[in-house]
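First comes the structure, then the notes that go with it.
Residues: numbered from 1 along the sequence shown. A quick note: this is a predicted structure, and the numbers were derived from the prediction, not measured.
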Amino acid sequence: MTQRRILPYGQHARLLECADLADSQAVHRWLDDQRPEQIAEIVPGARTLLLKLRSPLPDSLARTMIDIDLPPVETDDSETLRIPVRYHGVDLDHVSQLLGLSVPELIDHHTGQDWTVAFCGFAPGFGYLAPTVRSLPVPRGASPRTRVPAGSVALADQWSAIYPTDSPGGWQLIGSTDLRLFDANADPPATLRPGLRVRFVEDHR
């Protein structure tokens, strides 16, 4: 049985609460396939979908979104973005101790599985990457840093992420990459998009 509900979100949007991340991804994929004319844009979150509307949602569509049973989304491995990472982050040793792993074991955990962009937020180009095999929840830092350099590779909770620009941040920093993740003049500006599969590769330079 699903555990969804639709909440008002201003005059031109609705917030669909889902059971969990997997349920949110399944409904997102279903809506992408259906392309209801009333929905102008879908903004995914960890367990929500913000539905920006062109016109009011028909009751029949709202009921279907709440009641429909959907299988988990099978990730598309036809396109995998490989991201070279130098594992030298200032929190690398601390995180390995928190998880009871050696540093090589932590790197193996990060590079040994694919990650999927679940949703984007916090800053332009910032993607929340969910592990496809094994999750090792990592607590956020005790206090946020006022500046995290662009390209920093980080862990927090079940997620991994890359800071696309210099910004404040409270995630644990385990490495860095030279890959540029956001360019306001590019089309599209953000490299990461929901559903994209990512593989981290250790860069020994």
Side-chain angles (χ1 to χ4, degrees), residues 9 12-13 15 21 24-25 28-29 31-33 35 39-54 73 75-92 95 106-107 109-132 138 140-141 144-205:
Y9 203 93
H12 304 292
L15 188 70
L21 175 62
S24 172
Q25 290 175 318
H28 188 193
R29 176 66 60 85
L31 285 171
D32 264 350
D33 292 341
R35 297 183 180 276
I39 299 176
E41 185 181 358
I42 303 170
V43 182
R47 54 179 296 268
T48 61
L49 297 174
L50 176 62
L51 310 175
K52 297 183 179 179
L53 303 177
R54 296 189 182 92
V73 172
T75 55
D76 179 6
D77 59 1
S78 61
E79 182 186 7
T80 301
L81 177 65
R82 297 173 69 84
I83 300 179
V85 176
R86 296 181 296 278
Y87 288 93
H88 59 176
V90 293
D91 299 320
L92 185 63
V95 172
L106 174 57
I107 295 172
H109 162 70
H110 202 242
T111 59
Q113 63 180 321
D114 289 344
W115 299 72
T116 301
V117 183
F119 58 95
C120 299
F122 172 64
F126 191 100
Y128 288 73
L129 309 179
T132 56
V138 175
R140 293 170 187 254
R145 294 181 169 91
T146 57
R147 178 184 175 275
V148 175
S152 294
V153 178
L155 295 171
D157 302 325
Q158 65 173 310
W159 313 104
S160 186
I162 304 166
Y163 283 80
T165 56
D166 292 355
S167 69
W171 292 38
Q172 307 271 9
L173 309 182
I174 63 170
S176 67
T177 180
D178 294 331
L179 182 67
R180 190 172 185 181
L181 293 174
F182 184 77
D183 180 353
N185 298 315
D187 183 21
T191 302
L192 302 181
R193 62 182 186 280
L196 180 66
R197 183 175 281 218
V198 166
R199 186 83 172 196
F200 294 106
V201 180
E202 185 170 10
D203 182 345
H204 294 280
R205 288 180 298 169

Backbone N/O of Ala150 and side chain of Thr165: donor-acceptor pair under 3.5 Å:
no

How long is the span from the NE2 atom in His12 to the CG atom in Leu53, to the nearest 0.5 Å?
9.0 Å

Could you measure the distance from the OG1 atom of Thr116 to the CD atom of Gln25? Nearest 0.5 Å is fine.
7.0 Å

Using a 4.5 Å cut-off on heavy atoms from C-beta on, say whether the side chain of Leu179 contacts that of Leu81.
yes

Flag side-chain contact, heavy atom, 4.5 Å: Tyr87 against His110:
yes

4.5 Å side-chain heavy-atom contact, Val138 and Ile174:
no

So which pairs with a foot in residues 179-195 pass side-chain hydrogen bond (donor to acceptor under 3.5 Å, both in side chains), sequence neighbours left out?
Glu79-Arg193

With a 4.5 Å limit on heavy-atom distance, are the side chains of Leu106 and Leu92 in contact?
yes

Compare all side-chain heavy atoms of Leu129 with those of Leu192 and state whether any distance is below 4.5 angstrom.
yes

Whether Arg199 side chain and Thr111 backbone form a donor-acceptor pair below 3.5 Å
yes

Holding to side-chain contact (heavy atoms from CB on, under 4.5 Å), I want the full list of residues that pass it with Ala123, two or more places apart in sequence or in another chain.
Phe126

Between CG on residue Asp178 and CZ on residue Arg86, distance to nearest 0.5 Å
4.0 Å

Check for a donor-acceptor pair, side chain of Trp159 on one end and backbone N or O of Gly127 on the other, with a separation under 3.5 Å.
no

I'd like to check Ser160 versus Phe200 (side-chain heavy atoms, cut-off strictly below 4.5 Å). Are they in contact?
yes

pair Cys120-Pro194: side-chain heavy atoms closer than 4.5 Å
yes

Pairs in or reaching into residues 155-172: which pass salt bridge (charged side-chain N to carboxylate O under 4.0 Å, His left out), with residues at least two apart or in two chains?
Arg140-Asp157, Arg147-Asp166

Side chains of Leu49 and Pro44, heavy atoms from C-beta outward: is any pair under 4.5 Å?
yes

Could you give the distance from CH2 (Trp115) to CD (Gln158), rounded to the nearest 0.5 Å?
9.0 Å

Nearest 0.5 Å, what's the CZ-CD distance between Arg54 and Glu41?
10.0 Å

Whether the side chain of Thr132 engages the backbone of Asp114 through a donor-acceptor N/O pair (distance < 3.5 Å, no angle test) should be reported.
yes

